[in-house]
Amino acid sequence: MKITEAKVIITSPGRNFVSLKIYTDEGLYGVGDATLNGRELSVASYLKDHIVPMLAGRDPHQIEDIWQFLYRGAYWRKGPVTMTAISAVDMALWDIKAKAANMPLYQLLGGKSRSGVMVYGHANGDSIEETVDEVGKFLNDGYLAVRAQTGIPGLKSTYGVSKDKMFYEPADSDLPSENEWSTTKYLDSIPKLFDTLRNTYGNEPHLLHDVHHRLTPIEAARLGKDLESFRMFWLEDAVPAENQAGFRTIRQNTVTPLAVGEIFNTIWDCKELLEEQLIDYIRTSVVHAGGITHLRRIADFASLFHVRTGCHGATDLSPICMGAALHFDLWVPNFGIQEYMRHSEETNAVFPHSYSFKNGYLYPGETAGHGVDIDEKIAAKYPYKRCYLPVNRLEDGTMWNW
Ligand code: EZ4
Ligand code: CO
């Protein structure tokens, strides 16, 4: 089999998605997600201008060789743009290989290790009371795990809290909007939220929280300690992780489980965190960490250190990524949990898929390939719209991490 051509498709059914479609001389094609929230066109250009011209004529079955060719061959390694582009190619090639084998992708990875993929939903509210109610709605819908984010009294906006409870979408403006942050106010509120949640729903539901890179290691250690009795499933992105050694401070001071890595691109970003057993869950995703080929490598390395997977699955990761992730999750031996934010009706129409939700679990379905396609006619109805993630400032105006 030979690759004949590849095409980049940009669509915006409520938010921007970049996809790659790879065609072969045997009539089979594969699709990959290439969406990098707020920086979409740079990946589209990387693919169109620099990768697509090199694909024609290659054997799509040589997934590993093509991955190595694109990674080593760029000379300029790593980085979110490069790795998202490589991920898209990798996802599309696995899709083709599984279609050629006439098998769902998880079979090629090694088959099922479990019956379904436990997911967590996103509950949020302006106040603790509202957030507690929203968590209850997810539990009523069958979710076994829920992430809870709440508005902080005295701050005009907070990460993870939206007006539209169904489709929380952080990229909200054609120029970055500004959020406001106070560590003191935040550290005061969050333990109260989880205290109320445990008092209301008991210890059975898994509860998660995303700090979204806003604390320093010693502050994160304080929060981890304050949350200990509420038995969190995880505390996510407690600090920005460029400084991997910073996690030692958190780790030495709390038994609250730690998750990190949704913005990581390669195994090198998590090497120290894994080797030193500084985290419990690795959040690297199929779309931003080198596709199935590289994510599998990260997960295998993580398994040596008791670290389980918890793939990023926000709405800016397209249904193509979600489909591929579910096959990975169904197979990966050291699976932890999968994030699931739910896409809009418009997005689901652009990306018809075979995965489905039931009683807290997602199932990838039995369609050959990863089970997600792109309807180009519907996609064409939604042109690209420039859209940025917000930025964050302290109350005195100092730039902070968003
Ligand atoms: O802010 O995907 O855990 N989920 C998250 C997401 C991220 C967005 C950024 O594009 O942190 O909401
Ligand atoms: Co996150």
Side-chain angles (χ1 to χ4, degrees), residues 12 14-18 33-43 80-81 83-84 87 119-124 138 143 145-150 157-173 176-177 179 181 186 190 206-215 220 223 232-241 257-265 269-270 273 279-289 309-322 325 336-344 347 385-392 400-402:
S12 193
R15 68 162 343 286
N16 293 317
F17 293 108
V18 180
D33 180 18
T35 310
L36 185 62
N37 207 1
R39 296 292 186 272
E40 296 88 357
L41 297 185
S42 43
V43 184
V81 175
M83 296 311 294
T84 303
S87 301
V119 297
Y120 69 92
H122 277 213
N124 68 84
F138 279 89
Y143 283 80
V146 188
R147 182 186 101 156
Q149 308 290 134
T150 192
S157 54
T158 310
Y159 164 78
V161 179
S162 65
K163 285 182 203 81
D164 186 335
K165 301 286 173 241
M166 182 77 185
F167 309 114
Y168 166 63
E169 174 48 69
D172 60 3
S173 187
S177 60
N179 288 1
W181 180 252
Y186 172 78
I190 297 305
H206 297 307
L207 297 178
L208 301 84
H209 181 71
D210 193 347
V211 182
H212 221 266
H213 325 273
R214 280 149 163 81
L215 300 177
L223 179 60
M232 305 292 292
F233 185 92
W234 79 33
L235 188 64
E236 176 181 338
D237 286 343
V239 297
L258 304 173
V260 74
E262 66 183 40
I263 68 166
F264 292 178
N265 314 124
D269 294 333
C270 32
L273 295 172
I279 57 170
D280 301 279
Y281 297 93
I282 184 69
R283 301 234 332 115
T284 39
S285 68
V286 184
V287 59
H288 298 135
T309 64
C311 288
H312 189 206
T315 32
D316 48 298
L317 287 70
S318 92
I320 299 175
C321 173
M322 179 56 79
I337 201 164
Q338 168 69 52
E339 184 178 23
Y340 177 46
M341 266 177 78
R342 297 175 296 187
H343 290 104
S344 67
T347 297
K385 232 177 115 205
R386 190 182 67 207
C387 210
Y388 287 97
L389 288 168
V391 297
N392 211 15
W400 198 245
N401 317 312
W402 180 75

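For ligands, and for the atoms within them, numbers begin at 1 and follow the listed sequence.
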Is there a side-chain contact between Val211 and Asp237, using heavy atoms and a 4.5 Å cut-off? no
Please identify each residue that fulfils salt bridge (Lys or Arg N to Asp or Glu O under 4.0 Å) with Asp269, with sequence neighbours left out. none
Tell me, do Phe264 and Ile282 make a side-chain contact under 4.5 Å, heavy atoms counted? yes
Identify, chain by chain and in numerical order, each protein residue with a heavy atom under 4.0 Å from an atom of ligand 1. Asn37, Arg147, Tyr159, Asp210, His212, Glu236, Glu262, Arg283, His312, Ala314, Asp316, Glu339, Leu389, Trp402
Would you check if the distance from the ring center of Trp402 to the ring center of His212 is below 6.0 Å? yes
Six-ring centre of Phe17, Arg15 cation under 6.0 angstrom, axis tolerance 45°: yes
Hey, does Met341 have a side-chain heavy atom less than 4.5 Å from the side chain of Leu317? no
Indicate whether the side chain of Ser157 and that of Asn179 have a donor and an acceptor atom separated by less than 3.5 Å. yes
I'd like to check the salt bridge (Lys or Arg N to Asp or Glu O under 4.0 Å) partners of Glu40; sequence neighbours left out, ordered by chain and number. none
What's the count of protein N, O or S atoms under 2.8 Å from the Co ion (ligand 2)? 3
Among Trp234, Tyr340, Tyr143, whose ring pair (Phe, Tyr, Trp, His ring centres under 6.0 Å) with Tyr120 holds? Trp234
